[in-house]
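Only heavy atoms go into these numbers, but all of them, side chains included; no hydrogens, no water, no symmetry mates.
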Amino acid sequence: MNPAIIRLLDILFSLIGLFFLFPALLVLYIAGLLDTGSPIFVQQRVGRNQKQFFLVKFRTMRPQTESMPTHLVSAKSVTKFGSFLRRTKLDELPQLFNVLMGHMSLVGPRPNLPSQLELIEARERFGVYSVRPGITGLAQVRRIDMSTPELLAQTDAEMLEKFSVHTYLRLIFDTIGGKGSGDRIREE
């Protein structure tokens, strides 16, 4: 894998995405404003070399929801519009700004919260923090979320072992094609 080529593709695709998706981003922002009054969600995450950064997403949960791993949050916290955003993965679109700024890649391990110590330890063991985190990756396509930290870290490491431009493009197209899912929500 050539990191310079991947970074170039990240910049190119995120610029193209932001340009062509700007009208959709604007509509989703306004709809989110009507839904919660606070359409943008910013949360601290762990990135490359365990450097923390602020991840930007469209808000899918009520503003007063406690900041914690998604699989620990009650389904009652998700708004109706938020449910639509999560199901269609449109809540992830603002992360194109994170990609453009170099905090993330389009493809890589999903960035975890600083409080997810079990996942941090597993990812350290597997060397996952050597790359930028991604909007999508092998674990997301396989529907593996952060509720299974050891399996997630192993799957992230598997992706990195075989990572190439071909893998990068395939995972992007798999995600756009509807494969995979985000972190599940705790059902009540």
Side-chain angles (χ1 to χ4, degrees), residues 1-14 16-18 21 41 43-58 60 69-71 85-185:
M1 163 186 75
N2 185 331
I5 291 174
I6 298 298
R7 183 68 189 130
L8 184 64
L9 289 173
D10 279 342
I11 292 168
L12 179 66
F13 291 155
S14 60
I16 290 169
L18 287 168
L21 295 172
F41 175 71
Q43 188 178 51
Q44 199 164 24
R45 298 288 180 104
V46 179
R48 184 178 186 188
N49 300 320
Q50 294 191 44
K51 184 178 178 187
Q52 294 188 15
F53 70 99
F54 289 101
L55 177 116
V56 182
K57 294 177 77 169
F58 281 122
T60 61
T70 304
H71 65 277
L85 289 175
R86 294 178 68 79
R87 190 173 54 257
T88 58
K89 302 176 190 159
L90 293 172
D91 62 320
E92 309 283 349
L93 287 178
Q95 289 174 60
L96 291 173
F97 289 108
N98 287 112
V99 172
L100 199 55
M101 294 185 327
H103 299 138
M104 294 178 69
S105 175
L106 290 174
V107 178
R110 285 294 296 153
N112 55 274
L113 295 168
S115 62
Q116 292 177 289
L117 301 179
E118 189 178 348
L119 179 56
I120 290 170
E121 190 271 320
R123 282 181 162 174
E124 282 176 346
R125 273 190 285 111
F126 287 104
V128 172
Y129 289 115
S130 64
V131 298
R132 284 182 181 92
I135 295 175
T136 191
L138 183 61
Q140 286 67 42
V141 169
R142 290 185 178 169
R143 298 181 184 269
I144 300 167
D145 68 12
M146 293 188 184
S147 65
T148 54
E150 191 70 23
L151 177 60
L152 178 59
Q154 288 173 353
T155 306
D156 291 339
E158 177 187 338
M159 175 182 64
L160 298 180
E161 268 180 37
K162 303 171 187 175
F163 203 74
S164 65
V165 172
H166 177 263
T167 304
Y168 173 93
L169 294 172
R170 182 179 49 80
L171 289 169
I172 289 172
F173 288 117
D174 283 351
T175 302
I176 291 170
K179 280 192 176 178
S181 63
D183 282 347
R184 64 181 163 206
I185 301 283

Going from [atom1] on [X] to [atom2] on [Y], what distance comes out if it is rounded to the nearest 0.5 angstrom?
| X | Y | atom1 | atom2 | answer |
| --- | --- | --- | --- | --- |
| D156 | L138 | CG | CG | 8.0 Å |
| I11 | L96 | CD1 | CG | 13.0 Å |
| L90 | T60 | CG | OG1 | 12.0 Å |
| R123 | S130 | CZ | OG | 11.5 Å |
| I5 | D10 | CD1 | CG | 12.0 Å |
| I172 | T136 | CD1 | OG1 | 8.5 Å |

| said: Applying ring-ring contact (aromatic ring centres under 6.0 Å, His included), can you list everything that pairs with F126, at least two apart in sequence or on another chain? | reply: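 Partners of F126 by the ring-ring contact (aromatic ring centres under 6.0 Å, His included) criterion come out as none, since no residue qualifies.
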
| field | salt bridge (Lys or Arg N to Asp or Glu O under 4.0 Å) partners for E118, two or more places apart | value | none

| said: According to salt bridge (Lys or Arg N to Asp or Glu O under 4.0 Å), who are the partners of R110, at least two apart in sequence or on a separate chain? | reply: E92

What pair of heavy atoms forms the shortest contact from [X] to [Y], and how long is it?
| X | Y | value |
| --- | --- | --- |
| V99 | R7 | O-NH1, 2.8 Å |
| M104 | R132 | O-CD, 3.6 Å |
| V128 | P109 | CG1-CG, 3.3 Å |
| L113 | R45 | CD2-NE, 3.7 Å |
| S14 | L100 | OG-CD1, 3.5 Å |
| V46 | P111 | O-CB, 3.6 Å |

Please tell me if the side chains of [X] and [Y] come closer than 4.5 Å, counting only heavy atoms from C-beta onward.
| X | Y | result |
| --- | --- | --- |
| V141 | R170 | no |
| Q50 | E124 | yes |
| V165 | I6 | yes |
| E158 | R142 | yes |

| Any donor-acceptor N or O pair under 3.5 Å, side chains Y129, N112 | yes

Between [X] and [Y], is there a donor-acceptor pair closer than 3.5 Å when you use the side chain of the first and the backbone of the second?
| X | Y | value |
| --- | --- | --- |
| Q140 | G137 | yes |
| T167 | K162 | yes |
| N49 | K51 | no |
| N98 | F54 | yes |
| D91 | F58 | no |

| said: Over 60° means perpendicular and under 30° means parallel, so tell me whether H103 and F53 are parallel, tilted or perpendicular. | reply: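 Taking F53 first and then H103, their aromatic rings lie parallel (interplane angle under 30°).
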
| task | Return yes when atom CZ of F13 has more than 12 non-hydrogen atoms of other residues, nucleotides or ligands closer than 6.0 Å, and no otherwise. | result | yes

